[in-house]
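Please read the structure below before turning to the comments.
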Protein chains: 2
Amino acid sequence: MSQKVMSIGTVRDLTGLTERQIRYYEDRELVFPERSPGGARKFSFEDVERLKEIHMKMKDGFHTFELRKSIAGHQSRT
Amino acid sequence: MSQKVMSIGTVRDLTGLTERQIRYYEDRELVFPERSPGGARKFSFEDVERLKEIHMKMKDGFHTFELRKSIAGHQSRT
DNA sequence: CGTGTAAGGAATTCTGACACG
DNA sequence: CGTGTAAGGAATTCTGACACG
């Protein structure tokens with residue numbers, strides 16, 4: 001489940017988020033997809049769950065910098 | 001694990017097969033990937049395992065039409 | 001039969017920017 | 001701050017065909 005295998009379009013379909021939101025959450029260091037040789041983002045099922053969780057918190061009024069702490073602990077940025 | 005989420009390039013990397021082989025095995029009805037709106041194949045982790053199994057059998061001298069029976073039973077073509 | 005390859009096209013994804021608030 | 005969008009380019013995938021054996 002932690003294997004990075006899906007492209008952003010698949011993640012969009014699975015989470016219901018827009019590509020823009022997914023890229024932004026990555027920019028805010030809330031998720032850490034890998035990259036294909038060509039530069040395309042690759043996400044895992046865990047990332048999908050994490051993104052769903054992030055979005056719910058956002059709807060509850062949290063900001064990205066706050067979530068970076070509360071949801072932290074999954075993976076660092078090795 | 002049965003969710004169709006990876007594109008053929010990812011499957012290529014995970015199985016070590018060539019895209020040509022993967023497409024051929026689909027043509028021979030040994031795996032049944034879904035399609036994205038644009039026509040791109042989408043595979044599941046189960047498909048990846050299945051493809052590895054297929055390739056091992058092939059190396060043992062089996063032909064695709066023989067494998068369609070022996071490995072059958074996973075999924076039909078609904 | 002199973003697989004390689006060149007060919008041309010179409011869909012996918014990427015980044016940086018401007019916008020609004 | 002979080003997200004939408006138009007812009008241009010690059011990487012990915014698709015199909016049908018010719019090839020060899």
Side-chain angles (χ1 to χ4, degrees), chain A residues 3-45 47-72 77, chain B residues 3-45 47-72 77:
Chain A
Q3 288 180 82
K4 310 284 190 175
V5 298
M6 324 176 219
S7 54
I8 198 166
T10 303
V11 177
R12 167 173 39 63
D13 296 341
L14 260 43
T15 62
L17 301 178
T18 64
E19 295 179 17
R20 183 67 161 103
Q21 292 175 306
I22 299 170
R23 294 199 184 99
Y24 183 64
Y25 297 160
E26 178 196 20
D27 184 63
R28 303 281 43 166
E29 297 184 41
L30 295 177
V31 282
F32 308 94
E34 291 183 351
R35 295 284 181 151
S36 73
R41 269 164 274 253
K42 290 296 180 183
F43 299 85
S44 66
F45 277 105
D47 290 329
V48 169
E49 292 310 308
R50 192 180 173 79
L51 284 165
K52 288 180 187 171
E53 194 179 331
I54 290 169
H55 193 56
M56 287 195 287
K57 299 277 188 175
M58 296 287 283
K59 289 198 297 186
D60 287 343
F62 289 95
H63 286 225
T64 54
F65 58 84
E66 297 173 303
L67 296 180
R68 201 174 313 155
K69 300 172 185 172
S70 67
I71 303 189
R77 195 180 34 159
Chain B
Q3 288 179 83
K4 311 284 190 175
V5 298
M6 327 176 217
S7 54
I8 197 166
T10 302
V11 176
R12 165 173 41 60
D13 297 341
L14 260 42
T15 62
L17 302 179
T18 64
E19 297 179 16
R20 182 69 162 102
Q21 292 174 306
I22 299 168
R23 294 200 184 98
Y24 183 64
Y25 297 161
E26 179 197 19
D27 184 63
R28 303 280 48 168
E29 295 182 44
L30 295 177
V31 282
F32 307 93
E34 292 183 351
R35 294 285 181 149
S36 73
R41 269 163 273 251
K42 291 295 182 184
F43 300 85
S44 66
F45 276 105
D47 290 329
V48 169
E49 292 311 307
R50 192 180 173 80
L51 283 165
K52 287 181 187 171
E53 196 179 330
I54 290 169
H55 192 56
M56 287 195 289
K57 300 275 188 177
M58 296 287 284
K59 289 198 298 188
D60 288 345
F62 289 94
H63 285 226
T64 53
F65 59 83
E66 298 173 301
L67 296 180
R68 201 173 314 156
K69 299 172 185 173
S70 67
I71 302 186
R77 194 181 33 157

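It should be emphasised that the depicted structure is a prediction, and the values quoted were computed from it without experimental measurement. Per chain, numbering begins at 1; letters A, B, ... match sequence-line order.
- Residues of residues 19-27 of chain B that place a heavy atom closer than 4.0 Å to DNA chain C, in numerical order, are B/R20, B/Q21, B/Y24, B/Y25.
- Set against D/dG2, C/dT12, D/dT12, the side chain of A/H63 has D/dG2 as its closest nucleotide.
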Practice prompt. Let me see the working for B/F43 and B/I22 under side chain to side chain contact (heavy atoms under 4.5 Å, CB included), right down to the final yes or no.
Written response: CA-CA 10 Å; B/F43 300 85; B/I22 299 168; 3.5 Å; yes
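- When each of A/R41 and B/H55 is assigned the nucleotide of DNA chain C with its nearest heavy atom, B/H55 is the one assigned upstream, toward the 5' end.
- The distance between atom NZ of A/K42 and atom C1' of C/dT13, rounded to the nearest whole Å, is 10 Å.
- Taking a pair as Watson-Crick or G-U with both hydrogen-bonding distances under 3.5 Å, the stems of three or more pairs touching DNA chain C are C:2-5 with D:17-20, C:17-20 with D:2-5.
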Practice prompt. Might you work through the side chain to side chain contact (heavy atoms under 4.5 Å, CB included) test for A/R50 and A/Y25, ending with a clear yes or no?
Written response: CA-CA 10 Å; A/R50 192 180 173 79; A/Y25 297 160; over 6 Å; no
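- Nearest-nucleotide positions on DNA chain D for A/A40 and A/F62 put A/F62 closer to the 5' end.
- Per the geometry, CD1 belonging to B/I54 stands 11 Å off P belonging to C/dT3, to the nearest Å.
- Here the shortest heavy-atom pairing between A/M58 and A/F62 reads SD-O, 3.6 Å.
- Here D/dG2 presents its C1' atom at 12 Å from CG of A/L17, a figure rounded to the nearest Å.
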Item to complete: Verify side chain to side chain contact (heavy atoms under 4.5 Å, CB included) between B/I8 and B/R12, making sure each step is shown before the conclusion.
Response: CA-CA 6 Å; B/I8 197 166; B/R12 165 173 41 60; 5.6 Å; no
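- The phosphate of D/dT12 has neither OP1 nor OP2 within less than 4.0 Å of any side-chain N or O from A/S7.
- Rounded to whole Å, atom P of D/dG2 lies 15 Å from atom NZ of A/K57.
- Distance A/E34 CD to C/dT13 C1': 17 Å, rounded to the nearest Å.
- At whole-Å resolution of the value, NZ in B/K59 and P in C/dT3 are 12 Å apart.
- A salt bridge links B/E26 with B/R35: the closest approach of a Lys/Arg side-chain nitrogen to an acidic carboxylate oxygen falls below 4.0 angstrom.
- With the nearest nucleotide of DNA chain D identified for both A/G39 and A/M58, A/M58 has the one nearer the 5' end.
- For the residue pair A/T10/A/D13, the side-chain donor-acceptor check at 3.5 Å is not satisfied.
- Atom pair B/F43:CZ and D/dT13:P shows a separation of 10 Å (rounding to whole Å applied).
- Between the CD atom in A/E49 and the CD atom in A/E53 there is a gap of 9.0 Å [rounded to 0.5 Å].
- Between the side chains of A/K42 and A/S7, no donor N or O sits under 3.5 Å from an acceptor N or O.
- Phosphate contact (OP1/OP2 of C/dT12, side-chain N/O of B/S36, threshold under 4.0 Å): present.
- For the pair A/L51 and A/V11, the tightest heavy-atom approach, listed with the atom from each and the gap, is CD1-CG1, 3.5 Å.
- Residue B/I8 contributes atom CD1, which lies 18 Å from atom C1' of C/dT13 at whole-angstrom precision.
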